[in-house]
Structure formats: structure tokens, C-alpha cells
Amino acid sequence: MLRVLLVNDTDKPIADLAQALRAAGYEVLPHVAVGARLLKAVQEQQPDVVILDVESPSRDTLEQLAMLHRHAPRPVVMFSADGDDALIRDAVGAGVAAYVVDGLSPARLAPVLSVALARFEQQAHVRQRLDALERTLEDRKDIDRAKALLMERRGMGEAEAYAALRQQAMNQGLKLADVARRIVAMADLL
């Protein structure tokens, strides 16, 4: 059962939305109003998905969503009366996985949540791959810097410097990049 946090920025009741979610089999957590409490509420209640019901997302709301996306990423669905293209782009840029204009019907709720969850998972996978590629690139840069240091200070050729790094990594039971970082750090000290 998915845990859903309801968020709104108006005084309009969201009982109908909560009731539709419960009827669809979701656990509805106590709702919060948009504001500085959004990130705290997500961290405390640990929802699987966040649903916002807003007239038009304000800059403050979008900033809160961007902070949420950075510090406690969750699939976010936004129901809004505002269909402005720039606003939709801003909302998606702040981490909204699904932006629905002109209200909701209970029949559409489950498919919208399914799309938001799938999109969030896809984005998380892409972020993981990007992080891994960035780490690999940083490792490669460190290895190249360490090789250059060995070549310059010990008069080694590139293949010989790489072989020395590999041998040191094997001897110490470390990754090649970790040995390279140590060599670069020591060279910076000297």
C-alpha cells in the first residue's frame, strides 16, 4: 500500500481527494499546507508519493519542491487549475513527475499516480547512471593526474606509470582511483 502525503495551498477542502485515494487503496497521511514545513513533513512521515492540490503553484511552492527533490526525492503529482506552459515547465524542473490541469476524477487518480511513479523511477535510474559516469570520469582524471606525476617525477613512460599504479593498487588492496588520489594528494603536499 502506497503512503500518500496530501499538500494544498488554499483553504479549499481536500477531503474528496483523500477519500478517493483511500478508496483506491492508498494510505493517506495527515495533510500539510505548502510552506516551509513540506520538506520536514516528508522527512518525518516518509510518504511514497506527494500529491499537491494547488490553484497555481507559487514561487515558494516551487522552491519547496526543488528542496524536496534535492534532499528527499519522492514522486510528486500536482493538480492545478493553471495550465500555463512556463509554469508547467518550472514545476517539472522543480521535481514534479505529473502535472494535471483542471482537477481530477477518481477514475483518473490511479493511472496518474502510476505514471508519476514510473517517471520518478526512470529519472532515479538516469540520475544513478549519471552519478556513476561522473564518478568514473573523476576517477579517470585522478588516474591521469597520478600518471602524469609519475611520468614527470620518476621519468616513466605512460604505460610504465599506469603499471606502477596498478601494482600499488593490488599491493594495497585498493581501487586504482584511490591509489591515484593518494598520489595526487601527496604531490600537493610536497
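Fair warning: this is a prediction, and the values are worked out from it, not measured in the lab. For the numbers below, each heavy atom of this structure counts, side chains included, while hydrogens, waters and symmetry mates do not.
For residues 115-133, no pair satisfies side chain to side chain donor-acceptor pair (under 3.5 Å), with sequence neighbours left out. Sorted by first and then second residue, the pairs that involve residues 82-96 and meet side chain to side chain donor-acceptor pair (under 3.5 Å), not counting sequence neighbours, are S56-D82, R59-D90.
Atom CG of L52 and atom CG of L68 lie 9.0 Å apart (nearest 0.5 Å). With values rounded to the nearest 0.5 angstrom, L65 atom CG is found 6.5 Å from T61 atom OG1. Atoms NE2 and CZ, on H69 and R74 in that order, are 12.5 Å from each other to the nearest 0.5 Å. Distance CG/D188 to CD1/I183: 12.0 Å, rounded to 0.5 Å. Of the inter-residue distances, the one linking L6 atom CG with L17 atom CG reads 5.0 Å to the nearest 0.5 angstrom. Here the straight-line distance linking atom CG of L21 with atom CG of L29 works out to 10.5 Å at 0.5 Å rounding.
Closest approach of G83 to I88, counting heavy atoms only: O-CD1, 3.6 Å. In terms of heavy atoms, A41 sits closest to L5 at CB-CD2, 4.2 Å. The minimum heavy-atom distance linking G25 with M1 is given by the pair O-CG, 3.1 Å. Between A116 and A97, the closest heavy-atom pair is O-CB, 3.6 Å.
Listed for the R145 side chain is no donor-acceptor partner under 3.5 Å among the backbone atoms of V184. Not one N or O on the side chain of S80 forms a donor-acceptor pair closer than 3.5 Å with the backbone of V101.
Partners of Q43 according to the side-chain contact (heavy atoms from CB on, under 4.5 Å) rule, which considers only residues two or more places apart in sequence or in another chain, are L39, A72. The side-chain contact (heavy atoms from CB on, under 4.5 Å) search around S114 returns none, not counting sequence neighbours.
A continuous path of hydrophobic side-chain contacts links V50 to M67 [ILVMFWY only; heavy atoms under 4.5 Å]. Criterion: ILVMFWY side-chain heavy atoms under 4.5 Å apart, direct or through other members. Under it, F120 and F79 are not part of a common hydrophobic cluster.
With contacts defined as side-chain heavy-atom distances shorter than 4.5 Å, the pair Y26/V49 does not qualify.
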Can you give each donor-acceptor pair under 3.5 Å made by side-chain atoms of residues 150-178, sequence neighbours left out, with the distance rounded to 0.1 Å?
{"unit_1": "E158", "atom_1": "OE2", "unit_2": "K147", "atom_2": "NZ", "d": "2.9"}
{"unit_1": "Q167", "atom_1": "NE2", "unit_2": "N171", "atom_2": "OD1", "d": "2.9"}
{"unit_1": "N171", "atom_1": "ND2", "unit_2": "Q167", "atom_2": "O", "d": "3.4"}
{"unit_1": "Q172", "atom_1": "OE1", "unit_2": "R182", "atom_2": "NH1", "d": "3.4"}
{"unit_1": "D178", "atom_1": "OD1", "unit_2": "R181", "atom_2": "NH2", "d": "3.1"}

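Looking at V112, D48, L2 one by one, the single match for side-chain contact (heavy atoms from CB on, under 4.5 Å) with L117 turns out to be L2.
Clustering of Ile, Leu, Val, Met, Phe, Trp and Tyr by side-chain heavy atoms under 4.5 Å joins V126 with none of the others.
One finds no salt bridge joining E138 and R135 here, because no Lys/Arg side-chain nitrogen approaches an Asp/Glu carboxylate oxygen to under 4.0 Å.
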